Amino acid sequence: MYNLSIRGLGIMVDSEKSETAFLKSYLSSLESPIVFDVGSNRGQYSTKVLSINTNSEIYSFEPNPKLFGIISKLFAGKKFNPINLALGDTSGKIQFYDYESEDGQGTEHGSLYKDVIETLHHKKSIEFEVEIDTVDNFCIERSISHINLLKIDTEGHEMGVLLGAKNMLSTNSVSVIQIEFNEMNVISRVFLKDFMNLLADYKFYRILKNGFIPIDDYFAGYHEIFAWQNIIAVNKNSGYNPS
């Protein structure tokens, strides 16, 4: 009963069709949307964005040098900007972890948290150093004044990315944010309530197979479910109404 119930809330369900439907409903009508794909992996999300809106300007952030090598070869001639960088709430260098058996080739579970690899996935990890910066710094350097879609899939470090975007958020310069919320947030010690507190000017939705379900008045038993789910936060001034 519990498993069936949480699936009805958009938790632990296949996101492929629902994510595509969301991107179509939001990006299709925008002229030249600016999209930040934070945690790009092998560019799957960026590929989907460009298939929906070929005029998208994409900044695809991937700290793993092996995976960056893959995405840097994608989309020749498109407005696609691969960036070999982690994003967070600090600037400089930071340790990054992945599966030891992959010998640094890069997987979708690469994280700034060692326990994501060793505690959640019960594997030995390798550790290497990567560059890290903030959304705010990057936007200043590139003269980016607005982000239409900020997608963050950073294996538990989503809050860190948002804390590094405080200036952009405080000026309503980010229209829509997409994050994953799951068991990685146990490792990083971040509640859904923390996201809702930080993004007070946003309305939250879980993405379902065939639409969206609002996440309204806070109730811990409904909100703090540490299992895989795709969530969007829509700025109240964005003009976008999920349906």
Side-chain angles (χ1 to χ4, degrees), residues 9-10 15 18-39 45-46 48-50 52-61 79 81 83 87-89 133-154 157-181 185 190-208 210-219 222-223 229-243:
L9 297 175
S15 70
S18 58
E19 187 175 72
T20 300
F22 152 62
L23 291 173
K24 285 181 178 178
S25 74
Y26 177 51
L27 295 179
S28 294
S29 63
L30 298 181
E31 186 173 344
S32 297
I34 292 179
V35 178
F36 276 30
D37 180 2
V38 184
Y45 191 89
S46 294
K48 193 180 297 184
V49 168
L50 279 174
I52 291 167
N53 188 322
T54 58
N55 292 321
S56 298
E57 179 88 26
I58 300 179
Y59 295 86
S60 186
F61 298 87
K79 293 189 289 184
N81 306 277
I83 314 293
L87 290 180
D89 58 353
D133 206 347
T134 68
V135 169
D136 286 334
N137 285 345
F138 185 85
C139 288
I140 291 171
E141 290 170 3
R142 297 295 183 101
S143 299
I144 297 170
S145 61
H146 190 88
I147 301 170
N148 295 96
L149 175 58
L150 172 58
K151 168 264 186 182
I152 314 171
D153 180 4
T154 50
H157 201 59
E158 288 77 9
M159 176 58 74
V161 177
L162 291 172
L163 289 174
K166 277 191 171 181
N167 290 339
M168 292 291 286
L169 294 173
S170 66
T171 55
N172 292 316
S173 298
V174 183
S175 294
V176 178
I177 299 164
Q178 180 183 344
I179 63 170
E180 285 191 6
F181 187 79
N185 295 97
V190 178
F191 292 99
L192 187 57
K193 184 71 161 61
D194 296 321
F195 289 109
M196 298 177 78
N197 287 345
L198 179 65
L199 303 173
D201 293 328
Y202 290 74
K203 185 169 178 60
F204 283 68
Y205 302 84
R206 287 191 178 103
I207 303 179
L208 304 179
N210 56 354
F212 307 87
I213 183 168
I215 307 175
D216 292 319
D217 297 335
Y218 183 78
F219 170 62
Y222 172 75
H223 288 71
Q229 54 198 283
N230 247 328
I231 292 174
I232 58 169
V234 180
N235 189 281
K236 296 171 184 176
N237 297 314
S238 69
Y240 174 56
N241 183 26
S243 58

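Computation of the quantities below employed the complete heavy-atom set of this structure, encompassing side-chain atoms and omitting hydrogens, waters and symmetry-equivalent molecules. Just so it is clear, the model here is predicted, and its values are computed rather than measured.
The CD1 atom of Ile179 lies 7.0 Å from the CG atom of Asn185; values are rounded to the nearest 0.5 Å. The distance from the CG atom of Leu162 to the NE2 atom of His157 is 10.0 Å, given to the nearest 0.5 Å. With values rounded to the nearest 0.5 angstrom, Glu57 atom CD is found 6.5 Å from Ile34 atom CD1. Rounding to the nearest 0.5 Å places CG of Asn148 at 11.0 Å from OG of Ser173. The line from OG of Ser56 to CG of Leu50 is 5.5 Å long, rounded to the nearest 0.5 Å. Within the model, atoms NZ of Lys24 and OG of Ser29 stand 14.0 Å from one another, a figure rounded to the nearest 0.5 Å.
Counting heavy atoms from C-beta outward, Met159 and Leu198 have side chains that approach closer than 4.5 Å. The side-chain heavy atoms of Phe181 and Glu158, taken from C-beta on, include no pair separated by under 4.5 Å. Taking 4.5 Å as the limit, every side-chain heavy atom of Tyr202 sits out of range of all side-chain heavy atoms of Met196. In this structure the side chain of Ile147 reaches within 4.5 angstrom of the side chain of Cys139, judged on heavy atoms. Side chains of Val234 and Asn241 form no contact here, defined as non-hydrogen atoms less than 4.5 Å apart. At least one side-chain heavy atom of Ser32 sits under 4.5 Å from a side-chain heavy atom of Lys79. The shortest side-chain heavy-atom distance between Thr20 and Lys48 falls under the 4.5 Å cut-off. In this structure, Leu149 and Pro33 have side chains that are not in contact, with every pair of non-hydrogen atoms separated by 4.5 Å or more.
Qualifying ring pair (Phe, Tyr, Trp, His ring centres under 6.0 Å) partners for Tyr240, counting only residues two or more places apart in sequence or in other chains: Tyr26. In this structure, the side-chain contact (heavy atoms from CB on, under 4.5 Å) partners of Asn237, at least two apart in sequence or on a different chain, are Asn172, Asn235. For Phe36, the ring pair (Phe, Tyr, Trp, His ring centres under 6.0 Å) partners two or more places apart in sequence, or in a different chain, are Tyr59, Phe61, Phe138.
Just one residue in the list Leu27, Asp37, Thr54 forms a side-chain contact (heavy atoms from CB on, under 4.5 Å) with Val49, and that residue is Leu27.
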Apply side chain to side chain contact (heavy atoms under 4.5 Å, CB included) to residues His223 and Ile215 and explain how you reach the verdict.
CA-CA 8 Å; His223 288 71; Ile215 307 175; 3.0 Å; yes
Criterion side chain to side chain contact (heavy atoms under 4.5 Å, CB included) on Phe22 and Phe212, from CA distance to verdict
CA-CA 9 Å; Phe22 152 62; Phe212 307 87; 3.8 Å; yes
Apply side chain to side chain contact (heavy atoms under 4.5 Å, CB included) to Ile177 and Ile232, showing your working.
CA-CA 5 Å; Ile177 299 164; Ile232 58 169; over 6 Å; no
For Tyr205 and Lys203, run side chain to side chain contact (heavy atoms under 4.5 Å, CB included): C-alpha distance rounded to whole Å, both residues' side-chain angles, the deciding distance at 0.1 Å, then the answer.
CA-CA 7 Å; Tyr205 302 84; Lys203 185 169 178 60; 3.2 Å; yes
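Asn53 places a side-chain N or O within 3.5 Å of a backbone atom of Leu30 that can act as its donor or acceptor partner. Proximity of a side-chain donor or acceptor of Lys151 to a complementary backbone N or O of Gly39 within less than 3.5 Å is detected. With hydrogens and angles ignored, the 3.5 Å screen pairs a side-chain donor or acceptor of Asp194 with a backbone N or O of Phe191.
Between Asp201 and Lys236 there is no salt bridge, since none of the side-chain N atoms of the basic residue sits less than 4.0 Å from a carboxylate O of the acidic one.
If you check the side chains of Asn230 and Gln178, you find a donor sitting under 3.5 Å from an acceptor. No hydrogens or angles considered: a donor-acceptor pair under 3.5 Å links the side chains of Asn137 and Thr134.
Minimum interatomic distance between His146 and Val174 (heavy atoms only, all atoms of both residues): CE1-N, 4.4 Å.
Shown here is Asp217, whose CG atom has no more than 12 heavy atoms of other residues, nucleotides or ligands within 6.0 Å.
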